[in-house]
Amino acid sequence: MPPRSLPSTPLRPRLVGLALMGLVSGLSLPAAGQVVLSGILGGRALLLVGASAPKAVAPGETVQGVRLISLDKDSALLEQDGQRFTLRLGESPVQVKTGAGGPRPANGRRITLTSDSAGHFKSQGSINGQLMQFVVDTGATVVSIGRADAERMGLPFLGGQPVQMQTANGTAQGWRIQLQSVRIGDVEVFDVEAVVTPTAMPMVLLGNSFLNRFQMHRVSDQMVLEKRL
C-alpha cells in the first residue's frame, strides 16, 4: 500500500509582520526598559523586552520581571511589581521599570509629544498609578476610557453618573467618573473628569478635561503641553 500523504495544515500564527521581520531580517528591538508584544503563537505571547531576544511566554510565566497574566486574540495583559497593563499587537513599546531606581518624581511641568505617521499624538502614561496607552483627542470633552480598561483598573464606574454616548451602533450608556490622577512622564494632574465608554477602546482618549490643565502649542510635528500655574 502506498503511504498516505498527510493533509497539509495551514499555519495560523497571528504574528504581526513586526515579529517575523524581527526574527528573520533584523527588526530594531525596543530600547532598554521597554516591552513590546510582537506576536501571538497559539497560547503564548511573543514578547520583546529591551534588547533581549524574543521569548514565547505562556500565562503565568515571567520574563525579566514582566509577568503574562492572560492572552486575548490581539492583546496581552501583563504585570510588573503589582501594576497591570495591556499590550496590543502592532502598538508602540511600553516603558517598564528597570533596576531599583523606581519611577521619576511627578514634579515636571512640560510634556512633549511627537506625532506618528498618521498625525496622531500618542504616549504611554498612567491612570491612578496603572500603565495605559494614550492618544490626544482635542475634540473630546473629557478623558475617555474603554470599559475593558476600566474593569482592568478596578474603576468603580458602575456607580458613576450615567451618560448617553453615540457609538457606531447608535446610542449607548456610558458612565461619568473622576480619576484620582493622570500622569505622562514626570507630569501628573489630579481629579480629572472622565467617561467610561460601553465598549472597548484601543487607547485612552486624552480629552480636554486633561488638556485644559495645560497651555498647548504645536512646533512642527511636536505638541508641547505646559502645565498651567
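We're numbering straight along the sequence, starting at 1. Values reported hereafter were calculated over all heavy atoms of this structure, with side chains retained and with hydrogens, waters and symmetry mates removed.
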Could you state the interatomic distance from [atom1] ([X]) to [atom2] ([Y]), rounded to the nearest 0.5 Å?
X    : Y    : atom1 : atom2 : answer
D221 : L113 : CG    : CG    : 11.0 Å
Q133 : S123 : CD    : OG    : 7.5 Å
D137 : F210 : CG    : CZ    : 13.5 Å
L68  : T62  : CG    : OG1   : 9.0 Å
I145 : F157 : CD1   : CZ    : 10.0 Å
L155 : L179 : CG    : CG    : 6.5 Å

Mind listing the closest non-hydrogen atom pair of [X] and [Y] along with its distance?
X    : Y    : result
S38  : L89  : C-CD2, 3.9 Å
M153 : Q130 : O-NE2, 3.0 Å
V189 : K227 : CG1-CE, 3.8 Å
P59  : G43  : CD-O, 3.4 Å
V135 : M203 : CB-SD, 3.9 Å
A45  : L37  : CB-CD1, 3.7 Å

Does W175 form a side chain to side chain contact (heavy atoms under 4.5 Å, CB included) with L158? I'd like the steps, not just the answer. CA-CA 7 Å; W175 300 268; L158 293 177; 3.8 Å; yes
Min side-chain heavy-atom separation [X]-[Y] under 4.5 Å:
X    : Y    : answer
I111 : F214 : yes
F134 : I127 : yes
Q173 : Q164 : yes
K55  : L47  : no
L131 : L78  : no
R152 : T86  : yes
L225 : F121 : no
D149 : M132 : yes

Take a 6.0 Å sphere around CD of Q178 and say whether it holds more than 12 heavy atoms from other residues, nucleotides or ligands. yes
Thinking salt bridges, do R88 and D74 make one under a 4.0 Å N-O criterion? no
For side chain to side chain contact (heavy atoms under 4.5 Å, CB included), just list the numbers for L71 and I40, CA-CA rounded to whole Å, side-chain angles, deciding distance to a tenth of an Å, and then say yes or no. CA-CA 9 Å; L71 199 57; I40 296 175; 3.9 Å; yes
Evaluate the side chain to side chain contact (heavy atoms under 4.5 Å, CB included) criterion for residues F85 and V66: first the C-alpha distance (whole Å), next the side-chain angles of each, then the deciding distance (0.1 Å), finally the verdict. CA-CA 10 Å; F85 57 99; V66 178; 4.3 Å; yes
Among residues at least two apart in sequence or on other chains, which ones pass salt bridge (Lys or Arg N to Asp or Glu O under 4.0 Å) with R110? E226
Could I get the full list of salt bridge (Lys or Arg N to Asp or Glu O under 4.0 Å) partners for R44, not counting sequence neighbours? E61
Single-linkage hydrophobic cluster, 4.5 Å side-chain cutoff, V57 and I69 together: no
Are M216 and V143 grouped together when hydrophobic residues (ILVMFWY) are joined by side-chain heavy atoms under 4.5 angstrom apart? yes
Using modelled atom types only, decide if a donor and an acceptor are shared between the side chain of [X] and the backbone of [Y] within a distance under 3.5 Å.
X    : Y    : result
N208 : A140 : yes
R183 : G185 : yes
S209 : E193 : yes
R228 : N212 : yes
D116 : G119 : yes
D191 : Q180 : no

Verify the distance criterion only: is there a donor paired with an acceptor across the side chains of S181 and E188 at less than 3.5 Å? yes
Just by distance, no angles: are the side chains of T197 and R147 close enough, under 3.5 Å, to form a donor-acceptor pair? no
By side chain to side chain donor-acceptor pair (under 3.5 Å), T138 pairs with (sequence neighbours left out) none
With side chain to side chain contact (heavy atoms under 4.5 Å, CB included) as the test, would you mind laying out the steps for R176 and V196 before giving the verdict? CA-CA 6 Å; R176 192 179 301 276; V196 175; over 6 Å; no
